[in-house]
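Okay, structure first, notes after.
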Amino acid sequence: MHVGHLRSTILGDCICRVLAFLGHEVIRQNHIGDWGALGKVILGLWHMCMDEMRHGNGQYYAKEIKDLKACAGDTGRMQTLCQSICQRHTNDWEDDCGDRPDGRRGDGKKYFTLFLDKLESRPRGDLWDRITILYQYVNLLEESVGPFHLRIPIRKKKTSIQAGTSVFEYPLVPYESLSRHTTAMLQKIDADNEQEKKAGELITSISLEYCETIYDLLNVKITDKHFDYKVVRGESFYRRMLPGVVKRLVKAGLAIESDGAICVFPEGFKNKEGDPLPLIIEKSDGAHLYATTDLAAVRYRANKLKAQRIVYVTDARQALHFAMFFAVAKNPKAKWIGQDVELVHVTFGSVLGEDGSPLKTRSGENVKLKELLDEAVERARAVVEQKNPDLKDSEKDRIATAVGIGAVKYADYSNNRTSDYVFSFERMLSLEGNTAPYLQYAYARIKSIERKASQKDVDVEAELSGLDNVALGAPEELDLGKFLCRYGDAVEAAAADYRPNYLTAYLYELAQKFSAFYTNCPVLGAEPKDRAARLLLCELTARTIRHGLSDLLGIDVIERM
RNA sequence: GCGCCUGUAGCUCAGUCGGAUAGAGCACCGGUUUCCUAAACCGGGGGUCGCAGGUUCGAAUCCUGCCAGGCGUACCA
């Protein structure tokens, strides 16, 4: 996971929390570990296998990423490099065969099967990082070989003429489309795809395990372990429904063949030439796509899970896809889902670097989310050390985690989600201004008052329960008191537009008003006639901050910092 | 070309769907600690709300047209 995943993850989590708080029955559905291009990762894993079992475990793929990048722009060198990679690939593949009677090659029985078995029980360690590199490698390689018309053989089961006998053929396919064949294999139910299936499952489980550690760190609740229903539902769950999706839409007269692909042409969408724009649901090679899965999933959610409103949280670049997909799903002729089901696409901007260029999602040097979070915690830890050196180490750690992670999440939440997000360590981790630490600090100050109360012989509970009328004389008291009443509006506004920044804006203003009150109105040292009302203001402010920050945004509050 | 998004203080951004003198933070200048955490508080300077029209009693907000940037636009997700 890299910084780009931060937004969808925490935005989705927050929307669920807010809607659930307002009384909706929320069913979370998370596509985690759902590598849309699983084929590329599987192919990457195959490279890892060859590297370890045939080439001395030198991580040739990591080296070749550098080489490929170095050759960019130099067509001659690039061609030579790509040719040699393709040749080695072909040799490796042909050698990976358990038993080689005439004509048999590349069944994976010699290396890949064994490799997958071993990988399953191998400690996970840096496996995830390795997979990320492998994915980049395959991506970059397929991008690079494009112009050179290289070809590589694949193994394909021939429609059996004589029953009981498997007949294979080895057609050549363009090297740059090899991973697509792997993806396509996964989508075929009866194909000879045991290895691919197993590799896919292994990758998914490694992904999931890794993501769970990040989710725990981020304090987001979007996996199965937090709920008594199935939350994690990736592409594979809908796989067997895909052929049915196509059949239904063809039968309804909505999907037709065009250039070999099966498409729906929803009204009102045009391409560059002004012709109708298709939503492709089956490619010319028979494979299904994101759109097909979405159509299967929306049916499941509306008809099986009985969802009345379905909220999709993805980046804004997918807006056209969702508009088209919604149009098809809601087309009465499709008889797909009830007309009263509300479909919402909650978009958000891209993550940009400090230079304003987008941080690439799938290639190039991504900032790893884990590293970012670790650095945030580290920096927060340094501040605690400086400000409050006498605390116990374990408490310093707890504070550093709450502050560091909170700062990162809050920075994202406090931006309008539709804007592009300029990622900056400095700003994100700054502990000043409209930030999580500012709110956490206000909360900690209130808790400190509570702790000090007993030392000064003030019984907070008794004072609060004895309070029968609240007179707010000082302007800061009145300002804070009135503002406390408006929390509900902020939550409603945040829910109505799926905008956490309405919530952060409220909480920040609340903390500001509290800080002004705190500076000007002593609580424990106040005249007895004023004290109870001030204690009440403290109590309500603490509760509001805790609810907003912790319950709705998933950012921990702390007793001291 | 068409579609979507963005354009507000030097920088990063709010502005809850038309309402009063456009708000924060950072940066800059000045002030506040024998007193509940100064990771704080108070004050100051700084704006043609991209430009031009229009609707309205009233526009950063709605409409039209430009300008600039980003993204998308048939077999990626």
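Naming: A, B, ... by sequence-line order, numbering from 1 per chain.
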Donor-acceptor contact present, side-chain [X] to main-chain [Y], <3.5 Å:
| X | Y | result |
| --- | --- | --- |
| A:Ser144 | A:Leu140 | yes |
| A:Glu477 | A:Ala474 | yes |
| A:Thr132 | A:Trp128 | yes |
| A:Glu142 | A:Ser179 | yes |

Write down the distance between [atom1] ([X]) and [atom2] ([N]), rounded to a whole number of angstrom.
| X | N | atom1 | atom2 | value |
| --- | --- | --- | --- | --- |
| A:Phe325 | B:A77 | CZ | C1' | 13 Å |
| A:Asn415 | B:C5 | CG | P | 19 Å |
| A:Asp420 | B:C4 | CG | P | 17 Å |
| A:Tyr410 | B:C13 | OH | P | 16 Å |
| A:Asn271 | B:C2 | CG | C1' | 10 Å |
| A:Arg417 | B:U6 | CZ | C1' | 14 Å |
| A:Lys40 | B:C76 | NZ | P | 9 Å |
| A:His5 | B:A77 | NE2 | P | 15 Å |

If pairing requires Watson-Crick or G-U wobble contacts with both distances under 3.5 Å, which nucleotide is the partner of [N]?
| N | value |
| --- | --- |
| B:G45 | none |
| B:A14 | none |
| B:G7 | B:C67 |
| B:A59 | none |
| B:U34 | none |

Of the options [options], whose atoms approach the side-chain atoms of [X] most closely?
| X | options | answer |
| --- | --- | --- |
| A:Ser515 | B:G1, B:A40, B:C76 | B:A40 |
| A:Met561 | B:U73, B:A39, B:A40 | B:A39 |
| A:Leu320 | B:G72, B:A74, B:C71 | B:G72 |
| A:Tyr441 | B:A24, B:A38, B:A74 | B:A38 |

For nucleotides 15-18 of chain B, list the nitrogen or oxygen atoms of the protein found under 3.5 Å from its nitrogen or oxygen atoms, one pair per line.
unit_1	atom_1	unit_2	atom_2	d
B:G15	OP1	A:Asn501	ND2	3.1
B:G15	OP2	A:Asn416	ND2	3.2
B:U16	O4'	A:Tyr502	OH	3.1
B:C17	N4	A:Asp497	OD1	2.7
B:C17	N4	A:Asp497	OD2	2.7

[atom1] atom, [N] versus [M]: distance in rounded Å?
| N | M | atom1 | result |
| --- | --- | --- | --- |
| B:U8 | B:C62 | P | 16 Å |
| B:A20 | B:U61 | P | 13 Å |
| B:C63 | B:G25 | C1' | 34 Å |
| B:A77 | B:G46 | C1' | 45 Å |
| B:A9 | B:A52 | P | 16 Å |

Flag yes if more than 12 heavy atoms outside A:Arg451 fall under 6.0 Å of its CZ atom; otherwise flag no.
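Buried by this count: over 12 neighbours within 6.0 Å.
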N/O (side chain, A:Ser419) to phosphate O (OP1/OP2, B:A14) under 4.0 Å:
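Looking at the OP1 and OP2 atoms of B:A14, one of them is under 4.0 Å from a side-chain N or O of A:Ser419.
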Side-chain N or O of A:Lys387 versus OP1/OP2 of B:A39: is the shortest distance under 4.0 Å?
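For A:Lys387, the contact criterion (side-chain N or O under 4.0 Å from OP1 or OP2 of B:A39) is met.
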Sidechain N-carboxylate O distance under 4.0 Å for [X], [Y]:
| X | Y | answer |
| --- | --- | --- |
| A:Lys392 | A:Glu395 | no |
| A:Arg531 | A:Glu463 | yes |
| A:Arg381 | A:Asp393 | yes |

Can A:Asn434 and A:Tyr410 be counted as having a side-chain donor-acceptor contact under 3.5 angstrom?
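Yes, a side-chain donor-acceptor pair sits under 3.5 Å.
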With sugar-phosphate meaning primed atoms plus P, OP1 and OP2, does [X] contact a base, only sugar-phosphate, or nothing at under 4.0 Å between heavy atoms?
| X | result |
| --- | --- |
| A:Pro278 | base |
| A:Gln318 | base |
| A:Ser258 | base |
| A:Cys263 | base |
| A:Ala261 | base |

Roughly how far apart are A:Cys263 SG and A:Leu254 CG, rounded to 0.5 Å?
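Atom-to-atom, A:Cys263:SG and A:Leu254:CG are 12.5 Å apart.
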Glycosidic class, syn or anti, of B:U48 using a 90° window around 0:
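Here the answer is anti: the torsion falls beyond 90° from 0.
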Pairs: protein N or O with nucleotides 34-36 of chain B N or O, under 3.5 Å:
unit_1	atom_1	unit_2	atom_2	d
B:C36	O3'	A:Lys452	NZ	3.2
B:C36	O2	A:Leu524	N	3.1
B:C36	N3	A:Val523	N	2.9
B:C36	N4	A:Tyr518	O	2.7
B:C36	N4	A:Cys521	O	2.9

Parallel, tilted or perpendicular for A:Tyr290 and A:His321, by the 30°/60° rule?
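Answer is parallel, since the angle falls under 30°.
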A:Ser414 or A:Ala516: which one's nearest nucleotide on RNA chain B is closer to the 5' end?
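That would be A:Ser414.
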For A:Ala319 and A:Gly260, find the nucleotide of RNA chain B closest to each by heavy atoms; which residue's nucleotide sits nearer the 5' end?
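The answer here is A:Ala319.
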Relative to A:Phe237, does A:Arg233 satisfy both conditions: NZ or CZ under 6.0 angstrom from the six-membered ring centre, and within 45 degrees of the ring's axis?
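Yes, A:Arg233 lies over the aromatic ring of A:Phe237.
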